[in-house]
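To find a chain, count down the sequence lines: A is the first, B the second, and so on, and within it residues start at 1.
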Amino acid sequence: MSRKERLERIIEYFRKAMPDAVTELKYQSPYELLVAVILSAQCTDKRVNQITPLLISRFPSPHKLAEAKPDEVFQYIRSCSYPNNKAKHLVGMAQMLVKEFNGNVPSDIEDLMKLPGVGRKTANVIAAVVFNKPVMPVDTHVFRVASRLGLIQNAKTPLAAEKQLVQLIPENLITLSHHWFILHGRYICISRKPRCSKCGLVDICPYRNKNLKE
DNA sequence: ATCCCGAGGG
DNA sequence: CCCTCTGGAT
């Protein structure tokens, strides 16, 4: 089975299982999504969603957050991973938004990556979700699911995985596929104990057929 | 003990 | 390439 055939089968399955998959992060503006995605590093979306309402009500705009002291921001985000780093990143990010981008979230990947706390994955999320660009953010779920399903091979870095996936998947399906992989990875193709009995792709899954035959 | 929508620095 | 940051759930 070629990778293209494999992809067709996977798309067919996900279209039925999750026809309109979107991010589970709660947000009402590009600024709020940017804050949420920065917080989501090594932290569950569920916890981020518990944090952001209070944080956003205290710092409702880049301008407000730019004037904040990292110590105060820390108090709002202390229950997520790396709160010290993220507090500094959030304030620095807001300051750069105000100074360099007129208080607006930029659409260009290179511009986004200039922001403190914004690496390639976060930049790609903003570009994809806010600006509808055909880019593939590769996080731990995307990397794992794409690997297990045999959509990528020998990818040692997220960037290598990203390049393979962007080349493989039709442009108009890249962002939707990103969300499919995230949600499938979160609820079905779990890292430690995949729920293969809930998965409709077991017949074509190399990972399942090699490692988990029951 | 391992994982969660990683990023920055050496 | 490596390391550190670092809370909470399972």
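Residue A/Leu183 is not grouped with residue A/Val125 when hydrophobic side chains (ILVMFWY) are merged at heavy-atom distances under 4.5 angstrom, including chains of intermediate members.
In this structure, A/Gln42 places its CD atom 10 Å from C1' of C/dC5, rounding to the nearest Å. To the nearest angstrom, C1' of C/dT10 lies 13 Å from CZ of A/Arg47. For the pair A/Gln50 CD and C/dG8 P, the interatomic distance rounds to 11 Å; values are reported in whole Å.
Position along DNA chain B of the nearest nucleotide to A/Leu25 versus A/Met113 favours A/Leu25 as the more 5'-ward residue.
In this structure, A/Asp45 reaches the bases: a heavy-atom distance under 4.0 Å links it to at least one base atom across the strands shown. Within 4.0 Å (heavy atoms only), A/Ser40 reaches sugar-phosphate atoms of the nucleic acid but no base atom. When heavy atoms are screened at a 4.0 angstrom cut-off, A/Arg186 is found touching base atoms of the nucleic acid. Using a 4.0 Å heavy-atom cutoff across all strands shown, A/Pro83 reaches sugar-phosphate atoms only and no base atom. Residue contacts for A/Thr122: at a heavy-atom cut-off of 4.0 Å it reaches the sugar-phosphate backbone alone, with no base atom in range. Base engagement by A/Cys43 is indicated by at least one non-hydrogen atom pair under 4.0 Å involving a base atom. A/Ile51 comes within 4.0 angstrom of no nucleic acid atom, judged by non-hydrogen atoms across all strands. As judged by a 4.0 angstrom heavy-atom cut-off over every strand, A/Val48 is placed among residues making no nucleic acid contact. Using a 4.0 Å heavy-atom cutoff across all strands shown, A/His178 reaches at least one base atom of the nucleic acid.
With a 6.0 Å radius and a threshold of 12 heavy atoms from other residues, nucleotides or ligands, A/Lys16 has its NZ atom at or below the threshold.
Between A/Lys121 and A/Glu162 there is no salt bridge, since none of the side-chain N atoms of the basic residue sits less than 4.0 Å from a carboxylate O of the acidic one. A/Asp45 and A/Arg186 are joined by a salt bridge, as a carboxylate oxygen and a charged side-chain nitrogen come within less than 4.0 angstrom of each other. Salt bridge annotation for A/Arg9-A/Asp203: present, with a cationic side-chain nitrogen under 4.0 angstrom from a carboxylate oxygen.
Extent of DNA chain B lying under 4.0 Å from chain A heavy atoms, first and last nucleotide in 5' to 3' order, is B/dT2 to B/dG8.
For the OP1/OP2 pair of C/dT10 and a distance below 4.0 Å, the side-chain nitrogens and oxygens of A/Arg192 include no atom meeting the criterion. The phosphate of C/dT6 (OP1 or OP2) has no side-chain N or O of A/Asn85 nearer than 4.0 angstrom.
Centre separation under 5.5 Å together with a plane angle under 30° does not hold for the ring of A/Tyr82 and the six-membered base ring of C/dT6, so they are not marked as stacked.
Atom C1' of B/dC3 sits at a distance of 13 Å from the matching atom of C/dT6, rounded to the whole Å. One C1' atom belongs to B/dC4, the other to C/dC5, and the distance between them is 15 Å to the nearest Å.
Checked against the 6.0 Å centroid threshold, A/Tyr76 and A/Phe59 count as a close aromatic pair.
Side-chain contact of A/Arg58 with A/Gln75: a donor-acceptor pair under 3.5 Å is absent, judged by distance alone.
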Exercise. For A/Ile51 and A/Leu39, what are the C-alpha separation, side-chain angles and deciding distance, and is it a side-chain contact (heavy atoms from CB on, under 4.5 Å)?
Worked result: CA-CA 9 Å; A/Ile51 287 174; A/Leu39 288 176; 4.0 Å; yes
